[in-house]
Amino acid sequence: MKQSRTRSLSILFQFGGLILSLGFVTVILLLVDANPIQAFSLIWQGAFGNPTRIANVVVAWVPLALVTCGVLVTFTAGLWNIGIEGQITLGAIFTTGVIRLFLNTSVNPALVIIIAMLAGVVGGILWALLAGVLKVFGGVNEIFGGLGLNFIATALNIGLIFGAWSRPGVASMSGTEPFPEIYWLPTVGSFRFSWYSIALTLIGLVVIYFLLQNTHFGLKLKAVGKGIKSAYRLGIPTWQYMMLAFLVCGLFAGLAGALQVVAVYHRLIPAISSGYGFMGMMIGMLINYQAIWVAPVALFFAALNIGGIQLPIIMKLDSTLSGVMQGSLVLFILLMQGVQQRILGKK
Amino acid sequence: KPKAPAEEPAAPVEEPAAPVEEPAAPVEEPEEFVFGILMVGPYNDRGYSQAHYEAGLYVEEKLPGTRMIYLDSVNTADRPGTTPAQLGEELVAQGAKMVIFNSDDMKDDAIEFAKNHPEIFVIHASGDTQWPDGENYIPLDNMVNIMGRMEYGKMIAGCDAALHSETGSIGYLGPLINEETRRLASAAYLGAKYCWEEYLQLDPADLNFRVTWIGFWFNIPGFTEDPSLVAQEFINSDVDVIISGIDTTEGLIEARKAAGEGARVFSIPYDYIGACDEAPEVCLGVPWFNWGPAYLRHITNATTGNWKAVFEWNGPSWEDLNNFDTTNVGYLPGPAVDPNAAILLESFIDELAGGLNLWAGPLNLQDGTPWLAAGEFATDTQVWYLPQLLEGMEGRSE
Amino acid sequence: MSGDFILLGLAGVIASGAPIVLASIGETISERAGVTNLSLNGLIIFSGMMGFWVAVETDSLFLGFLTGALVGALVSAIVAFSSITLKQSQVAVGFILAITTRDLAYFLGNPIMGLQGPIMLSSPIPVLSQIPILGPLFFQQSIMTYASIILIFLAWFWIYKTRPGLMLQGIGEKPSAAYVRGANVGRMRYFYTILGGTLVGLAGPLFTLSVKAGWKGTITGLDGIGWIALAITIFGGWNPIRVAFGAYFFAFLQWLGLVLQSSWTFIPSQVLQVAPFPLMILTLLLVNLGNTEWVARLLATLPDGVRERVKKLIRSLRSQAPAALGTPFERE
Amino acid sequence: MNIEFKKINKHFGAVHANVDIDFSINSGTIYGILGENGAGKSTLMKILSGFIQPDSGEILLDGQQVRIDSPADAIKFGIGMLHQDPLDFPPMLVIDNFIVGQGGKFLLSHKTVIKEFQELQDQFGFALDPYTYVDTLTVGERQQLEILRLLWLGAGVLILDEPTTGISVQQKEKLFAALKVLAKQGKTIIFVSHKLEDVEIMCDQVAILRKGQLVGEVVAPYNINQLVEMMFGKQIVINEPKSRVTDEIVFELENFSVEQYPITIENVHFRMRAGEVIGLAGMEGSGQDVLLRACAGLLRPVSGRVIVNQKDLTGKTYHDFMRHGVAFLPASKLEEGLVPELTLAEHFTLVTEHKKQLFIDKPFFQNKTKQKIDDYRIVGQPETPVEALSGGNQQRASLSMLKDSLSIILLEHPTRGLDIESAMYMWDKLKERCAGCTSIFFISADLEEIIRYSDRILVFFSGHVSEPQDSSKISLEQLGQMIGGKGWDRTLTDEETYEAISHP
Ligand SMILES: Nc1ncnc2c1ncn2[C@@H]1O[C@H](COP(=O)(O)OP(=O)(O)OP(=O)(O)O)[C@@H](O)[C@H]1O
Ligand SMILES: Nc1ncnc2c1ncn2[C@@H]1O[C@H](COP(=O)(O)OP(=O)(O)OP(=O)(O)O)[C@@H](O)[C@H]1O
Ligand SMILES: [Mg+2]
Ligand SMILES: [Mg+2]
């Protein structure tokens, strides 16, 4: 009884956070002389207005959901894996590298795609483990190790695109030479999404849900995250589990990066990680690290990103409004959590 | 309607439902022609993208019944998870019958889009895929390539710089290294060298033309050189005119600062006719793009059924370099131009108008490899695909 | 290469390092009080945009800087409120703000792109600027650069040489002990977080009104600076002098990269640009190695004499974060 | 200064820590506050020193009603408190610790302050070096520093919360002498303790608290039995534990040396038999915790060997030790023993071996947890997060999580923070295990506990370890002297004790 009361109270506070963030965005819109209702409905239309748009939302949802899955694992282990952007990038780089390797061979393209994606996963894992090694054996806080590794990963990426892997003669921001279509992950009709990426994402979601909710592994990770010393005393090999958390997160990030290459861009591009890593971390905070919410909230964020495209076309507003909406939502919900704890704690 | 689509081989690709079902059609004024522009930067960047945006406004004004829609900041950093091809479809969903891709970076997407949407007219600005002589020829009936011959603008900029340099050191603030940026930097060098020798009667050995690449079209902390520092470094090492090849105006700003502190430094920005406004007191002029006339022509062709897939590399209008209706590239002298130099610059422009070709042999590449023999003139493809900087220029070629 | 040219280059390094100095010392102050302000990256962009905007509208550099400072104070007040009053995770709130304020800056700053704004020029100090070497290096800078240099010593002096500074160390180290010594821990943390944020906020306009004058939206070239400043704070071990050294070192490598670009063609130009990051990681490694268990174990196997010496070395390198950094203070 | 408490009440959630406390203290006296663990002593003192605020009630100083909202206020009124754990800044210099928080010139100048610091400490015969770092001082020295600091601030009332835990005999003597001097000067000293002997020699008068209530005030001289009864509400009957030592050797240290700054322990030889209980006695920071952790594999020895059940585990990790039947229960439960925010059921899931099972069998662990809760009389549910358990129940939970078949249990302060009943329950459970041939190695600050439950005792004095002492042959006084560094000649060899135990 008491529990259900605090539950409904907490929903009330979350709702309050939502209202506040909507209010905040409305004020911002009024400030720039725009009609908020029109803006909101445009975003909705832009995300779900027709099948193509829904398909595009799904395309953005795939990496976002995957990355969020990974981030939840590191969050559970008490780690701030800010290096995830770099892990996505490395996933993409490894995938591209492998496809380039097989480009003019007779190896079955399907096989090449599979090997390339595995390589991408390995790339993500390696980069994550590097942050892990720095943390575990070097005492370098994962936030700063990860930030540094992000910069290095991006530099490596740009270096490859403009250097070793540049298109003949024209190094360009458009990325490396696109692969022949046989190396593309097949998409559905004229839509841009692929059943394969969706299937992989759904598998990832299910795996993470059960991993964190119902397995000994998940419980041990949680123990490491909540009290590392105690966890060690209770017999959990803590540094190994931290490394495992990095590994799993790197796996998801690498997979996301690989899919960006084989399913979306068909080449390596400069901003391949697309900020999905950071966005995934925000989603993680917003859903309070509960795996069950990953899919819908990632969909919501993806919809904001895609729907926001309509703002400049029709209202001549900058699309960064979507980012403002996402950020303020997470911020206000978090603040309301604090307010709730403060008020209820005082009773 | 274009004749082309019928022959399109890519027919099996199913049409996305969107453009057809879009309810924009029913209550509409007779035959409004909507064209969409995808711009790589912000539409109001006072640079490359704004030049396209204003060309769109120009078309709207000159050709009643047309309407522009646009999407700016089309790049993966600003629009994560999207591709220009997908964004092109968004424009189509809003009724666009033509989509203009404004950047070289959108090449692959422009092609993908053109293939998937044979009924939509596509203009790819700065591309070379419709050039039968080019190295990347991919014939597509619904696509047109347009590029301005900015080499002329850069030559004039180079001349302007040389005419104003007292130290004989000119700095070229380069973006990333590719064929386009190499040929533009080289053109500036050719212009500078010509004016230095012919008009000022100075020894070419005393002309110091340095290119420093920042590694990108604009500054990204941690990845590119800092263009402000590059400009400062130019100024510190006696450069008194900075020619900018990048999207942002650090050259101008640093010159303005140096001038404010008593130094004699000028700068020449790039891309947009209004670029001098950020620091008129040190601005010698700006080579600018005028996409309007070409857009107008091709949009008219599209509406009148005269569309033809072509590659165009359009030169300036020598009668009036800054006429919005006629020229494709221009050069607008800045407020800081010295009156005497202005006269010489005028005669240089006249010479160019009269057929002066600076891409003339003997010319060697930077490493000394002969490129043009004496008396030889470079072909368009030779210029377009220039493999190195030219001999006499300082800076990296790769 | 003439000496003059190098001197001027180094003077440029000091000028372009100035905003990073402001930001990382601001962060140092806030972290000394026990509050990590992770919002730096967005905050600098946002305050830079706002400062530029106001400066353009009013044609007043002063008002521009004032605006930047206010924005910094406001954003860091949110960090302070949520972490001190609401006891939410500092890292979470800071991270969200880093992203949100950046997007907000791009959104609101759209209409003012590419406008001509006032620029802060250098103001040489009459006599001092004539001193050879030191003159051009330190005394031909802009007022804000002077301010940033003074700030380094001021912050150092405040933290280590004054009574309130001692208490500042205390509240970051062990707030409960500071509390029984009469400190109002919550209020002081608010104060220093906001003060630190104000300094960070000044870094923004220092970019957009001087070092990288102008506002160009997403291509202004500020994205990433805040993360760098954060890293430099750690690199500097929360000591203003070392922090400033880190900031200048970063700017120096930038300069070195472009000076060497044409002569050192064997190195891809990206290398020197990214160099600060592996270096930063390496430094963090060196600084932290002494705290790790396996090093302690390894040391245990060394012969006595060597062990003592290695230990001393590691001890001298080690820089300890304020012990209570990131943790809320609860009386009971 | 005269202090008067009027109807002070303080709740912590369900706990009523202070109930209508009503009494007064006259200036110039040394006033004792007695009470068992959790009686509410610290709470009352924290209220007086402004650290926390009462729910209701008043405090009068020299007849004037005052509001003490913060330590800053308390300092203004001249009230200074020495907390149970020293509240100072370990990485700072002694002199900076002395200065911080004091009014005075804006700029720090050590010179003048040091002069006065020296003068002040000379009065009490303290000898602190102003230029060392606090983290190199002993607990006693840190106390001295705090006292000096409070006096320097002009404290007229000095509250000492259990000041004699963990300081050496000499330091204790010094402290007591200093306090007497201060009382003579007319300062009010409040002395909080549950150690009767300290109170007996120090205090002019004591107030006794029990379960948050004032049970009475007694003036010296005291009847100890009366005090005990007032403290606990009953006479405490303590059943004497039986020894269950067998012949089998389960644990051995050979030439064992270990160090952890600033303690170095060298060349310990030692054997332990199955079922044996060994107590480690010594002042806090004398090295007993270092040795205990080294025995658990948490610290690596510099030289020597550790042998557990005939296996050489030298240099292995704690987890290897665990696999060989060693378990370690640390003192601070929520930091090192239990995982905050995890429930009891989750804890039992964590510590149970699961044969390569992937998924958690929730009903199974639910039942298992219920069983353990019943077994160990833990007040809580399987869903209760451990941080919501009371201290005693956390201790019980930790104990219940130990595996059934263990060779050795290493415990840090197994009954610290427990009232006598819980403590006895703990020991019953531990002794049950001894019957099952488990050996116990424990640290305690309570010498009586050590003598009562140990078979043999190791005494520590600043890193020196005595030969094992036969607990039946050592008195409380002797042990007290030894932990203070006296009487180290009286030792037995390992073989002698073995004889003594196996053939009583
Ligand atoms: N901050 C707190 N939150 C909840 N309960 C508390 C808190 N502080 C004290 N208590 C509870 O209040 C009661 C009195 O505690 P207090 O610390 O005053 O006891 P004490 O007499 O000093 O005991 P000890 O001899 O162990 O120091 C105990 O039950 C304790 O658990
Ligand atoms: N953080 C908390 N959240 C919820 N309840 C708590 C918390 N801390 C303490 N309690 C509850 O407050 C009560 C008193 O706790 P406390 O530790 O003072 O008990 P105690 O009287 O000292 O008992 P014990 O003798 O077992 O230590 C307990 O019932 C405990 O469940
Ligand atoms: Mg107490
Ligand atoms: Mg208790």
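Side chains included, hydrogens not; waters and symmetry mates left out as well; all remaining heavy atoms used. Please read these numbers as outputs of a predicted model, since none were measured by experiment. Every chain is numbered from 1, with letters handed out A, B, ... down the list of sequences.
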Any pair counted as side chain to side chain donor-acceptor pair (under 3.5 Å), so long as it reaches residues 55-69 of chain A, sequence neighbours left out: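 Output for this query lists A/Asn56-A/Arg192.
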
Side chain to side chain donor-acceptor pair (under 3.5 Å) pairs, two or more places apart, involving residues 179-189 of chain A: none

Chain B contact residues among residues 272-280 of chain A, heavy-atom distance under 4.5 Å: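 Within residues 272-280 of chain A, the residues that come under 4.5 Å of chain B (heavy atoms only) are A/Ser274, A/Tyr276.
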
So, taking the atom named [atom1] in [X] and the one named [atom2] in [Y], what distance separates them when rounded to the nearest 0.5 Å?
| X | Y | atom1 | atom2 | answer |
| --- | --- | --- | --- | --- |
| B/Gln94 | A/Ile314 | CD | CD1 | 3.5 Å |
| B/Asp78 | A/Asp318 | CG | CG | 8.0 Å |
| A/Glu177 | B/Lys107 | CD | NZ | 7.5 Å |
| B/Leu71 | A/Ser319 | CG | OG | 6.0 Å |

Beyond-backbone contact of B/Thr83 with A/His266, side-chain heavy atoms, under 4.5 angstrom: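 No - every pair of side-chain heavy atoms lies 4.5 Å or more apart.
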
Sub-4.5 Å side-chain heavy-atom contact between A/Ile306 and B/Gln86: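 A/Ile306 vs B/Gln86: side chains touch.
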
N-O pairing of A/Arg267 and B/Asp105 below 4.0 Å: no

Selection from A/Gly49, A/Pro63, A/Pro178 maximising heavy-atom pairs under 4.5 Å formed with chain B: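 Of the options given, most contacts go to A/Pro178.
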
Proximal component of B/Leu386, with respect to chain A [non-hydrogen, under 4.5 Å]: neither

More than 12 heavy atoms from other groups under 6.0 Å of CZ on A/Phe40: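 Counting neighbours around CZ of A/Phe40, more than 12 heavy atoms of other residues, nucleotides or ligands fall under 6.0 Å, so yes.
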
Greater than 12 external heavy atoms within 6.0 Å of A/Asn104's CG: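 Not more than 12 within 6.0 Å, no.
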
Donor-acceptor pairs under 3.5 Å, side chain of residues 144-157 of chain A to any protein atom, not counting sequence neighbours: which ones?
{"residue": "A/Asn150", "atom": "OD1", "partner": "A/Gly86", "partner atom": "N", "Å": "2.8"}
{"residue": "A/Asn150", "atom": "ND2", "partner": "A/Ile82", "partner atom": "O", "Å": "3.0"}
{"residue": "A/Thr154", "atom": "OG1", "partner": "A/Asn150", "partner atom": "O", "Å": "2.9"}
{"residue": "A/Asn157", "atom": "ND2", "partner": "A/Ile269", "partner atom": "O", "Å": "3.1"}
{"residue": "A/Asn157", "atom": "ND2", "partner": "A/Pro270", "partner atom": "O", "Å": "2.9"}

Considering all heavy atoms, the nearest B/Thr82-A/Tyr265 contact: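 Shortest heavy-atom separation between B/Thr82 and A/Tyr265 comes out as O-OH, 3.1 Å.
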
